[in-house]
Amino acid sequence: MSMNATPLNTLFPAPVAQLVYSDGRWRRFRFCKRGFLFHYVVCRGGYESFQPAPIRQLYYLKHLLPFDGWLNRILFDAVRNVCTVFYTPNRWKQQLQQQALTRLARDCHHLRRESWRDDPAGYPQLSELRFGQIDAFALNRRAEEALRLRLEQLYFGYGEELARYSPGGFVHYADALSVHFQEMTVFLAPALIWREGPRLRWLVPNLPAEPDDAWIRYYAWTKLCASPIHVEPEFADFARGEAMQLPPEEFNFSEAGHRALERARIMRDWLVDAADAPPEAIEPTHENCSICRYREYCLGG
């Protein structure tokens with residue numbers, strides 16, 4: 001499949017000159033610039049049935065989930081549902097397990113039906129299934145075992161907090177967590193956020209190699225009126241039972257803010273320059289191809 005030699009700004013007239021930053025966006029830019037272009041520009045509008053086959057294929061690949069990421073999303077959504085809608089202090093464990101296992105069964109049903117072919121953003125598709133790295137017949141059993149392990153890790157690490165949790169303390173947000181800094185929009189990783197007196201607990205269900213709490217504290221300060229020194233960011237990997245809590249500290253945002261602004265300008269300027277070339281003229285980072293979600297497209301699979 002190919003988009004031939006058509007310049008990007010002819011195929012995709014959507015503006016690419018916005019200043020946008022997130023840690024994930026920057027990691028993807030450094031991982032492979034061609035994949036970055038596919039992910040944030042070429043896939044736009046890929047949900048439309050009239051789009052050419054290459055764009056539809058890239059849109060499918062954009063929404064691939066790894067096995068662990070899929071289970072983390074199920075657990076995250078279950079905790080948020082229990083904390084906001086179904087919470088009963090003496091039954092939260094049963095409620096959480098029921099929510100998570102019901103969602104898992106529903107997702108497995110849609111995976112068997114390949115519902116993602118009609119709506120890749122609405123139904124899960126797993127990279128391990130697509131690339132033959134997991135046995136489809138053993139998926140339900142393996143996924144349930146792994147999800148139950150995550151539930152146990154959650155109970156062990158946060159059982160006391162959830163047992164005394166007050167639903168009124170949970171911070172609601174509609175879509176993505178985002179905040180503005182000068183002319184830049186910054187997106188934050190999804191998180192569970194709740195208040196305990198003057199403290200603001202901020203739990204990210206992911207444990208990055210280099211956790212960064214600057215934007216968490218900035219969001220809490222500018223949007224939640226929370227003193228940065230009372231914010232307690234924590235990053236957790238429920239699959240391995242590992243967590244890292246960053247201690248409260250004085251808030252000095254200048255360095256982090258301007259570093260992100262510089263990175264956002266680098267990505268913006270690169271996209272503007274890339275708009276004059278066909279997407280496939282951009283050289284991929286070959287050493288990362290074997291672990292890239294877009295390898296099926298680039299390698300002609």
Side-chain angles (χ1 to χ4, degrees), residues 15-33 35-37 39-41 69 72-73 76 79-80 157-158 161 169-238 240 242-274 285 288:
V16 295
Q18 304 162 351
L19 275 178
V20 180
Y21 180 80
S22 71
D23 289 340
R25 192 180 183 98
W26 179 247
R27 283 194 301 270
R28 189 171 296 281
F29 181 75
R30 298 179 64 194
F31 180 81
C32 178
K33 291 182 175 59
F36 174 81
L37 187 72
H39 203 81
Y40 292 108
V41 179
N72 287 345
R73 179 177 292 183
F76 176 84
V79 173
R80 188 158 59 177
Y158 300 93
E161 286 91 338
F170 190 84
V171 175
H172 297 258
Y173 56 93
D175 298 310
L177 287 166
S178 64
V179 66
H180 293 286
F181 177 76
Q182 297 186 16
E183 71 270 35
M184 172 178 63
T185 302
V186 179
F187 290 95
L188 287 73
L192 299 168
I193 310 167
W194 69 96
R195 300 180 188 272
E196 289 184 1
R199 303 161 63 202
L200 186 70
R201 304 291 301 277
W202 191 296
L203 177 60
V204 180
N206 182 36
L207 186 56
E210 299 178 359
D212 185 359
D213 62 339
W215 290 109
I216 291 174
R217 297 186 193 278
Y218 185 75
Y219 183 100
W221 177 47
T222 57
K223 291 205 168 185
L224 302 178
C225 300
S227 171
I229 201 169
H230 290 147
V231 180
E232 298 183 13
E234 188 164 353
F235 302 82
D237 182 339
F238 296 117
R240 298 199 301 262
E242 299 176 3
M244 177 183 294
Q245 186 170 16
L246 303 181
E249 59 185 9
E250 292 295 335
F251 185 56
N252 183 355
F253 187 72
S254 178
E255 181 182 350
H258 287 92
R259 181 176 62 245
L261 192 58
E262 180 182 1
R263 291 175 175 178
R265 286 170 177 156
I266 289 172
M267 292 185 284
R268 186 269 314 274
D269 293 347
W270 183 88
L271 281 175
V272 171
D273 292 340
T285 305
N288 291 333

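Quick caveat, the model's predicted, so the values are computed rather than measured.
Remark: Arg73 engages Leu65, Asp77, Arg103 in a side-chain contact (heavy atoms from CB on, under 4.5 Å) (not counting sequence neighbours).
The heavy-atom pair separating Asn72 from Pro205 by the smallest distance is ND2-O, 4.1 Å. Residues Arg195 and Leu200 come closest through the heavy atom pair CG-CD1, 3.7 Å. Between Ala214 and Asp212, the closest heavy-atom pair is N-OD1, 3.0 Å.
To the nearest 0.5 Å, the span separating CZ on Arg268 from CG on Asp273 amounts to 10.5 Å. The CG atom of Leu37 sits 5.0 Å away from the CH2 atom of Trp270 when rounded to the nearest 0.5 Å.
With Trp202 as the fixed residue, the ring pair (Phe, Tyr, Trp, His ring centres under 6.0 Å) test singles out one of Trp215, Tyr219, Phe170: Tyr219.
A cation-pi arrangement is not found for Arg25 relative to Phe187, the charged atom failing to lie both closer than 6.0 Å to the ring centre and inside a 45° cone about the ring normal.
Between Tyr218 and Trp221, the ring planes are perpendicular. Angles over 60° get that label, and only those under 30° would be called parallel.
Here the side chains of Pro233 and Arg217 are in contact, with some heavy-atom distance below 4.5 Å. In this structure, Leu19 and Gln182 have side chains that are not in contact, with every pair of non-hydrogen atoms separated by 4.5 Å or more. The side-chain heavy atoms of Met244 and Leu207, taken from C-beta on, include a pair separated by under 4.5 Å. You'll find the side chain of Thr285 stays beyond 4.5 Å of the side chain of Phe31, heavy atoms only. Under the 4.5 Å side-chain criterion, counting only non-hydrogen atoms from C-beta, Ile193 is in contact with Leu177.
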Criterion side-chain contact (heavy atoms from CB on, under 4.5 Å) on Ile216 and Leu246, from CA distance to verdict: CA-CA 11 Å; Ile216 291 174; Leu246 303 181; over 6 Å; no

Residues Leu271, Phe36; criterion side-chain contact (heavy atoms from CB on, under 4.5 Å); working and verdict: CA-CA 9 Å; Leu271 281 175; Phe36 174 81; 3.8 Å; yes

Derivation of the side-chain contact (heavy atoms from CB on, under 4.5 Å) call for Leu188 and Val179: CA-CA 8 Å; Leu188 287 73; Val179 66; 4.2 Å; yes

Just distance, no hydrogens or angles: give the donor-acceptor pairs under 3.5 Å from side chains in residues 253-267, sequence neighbours left out.
unit_1 : atom_1 : unit_2 : atom_2 : d
His258 : ND1    : Ser254 : O      : 2.9
Arg263 : NH1    : Tyr21  : OH     : 3.2
Arg265 : NH2    : Glu183 : OE2    : 3.1

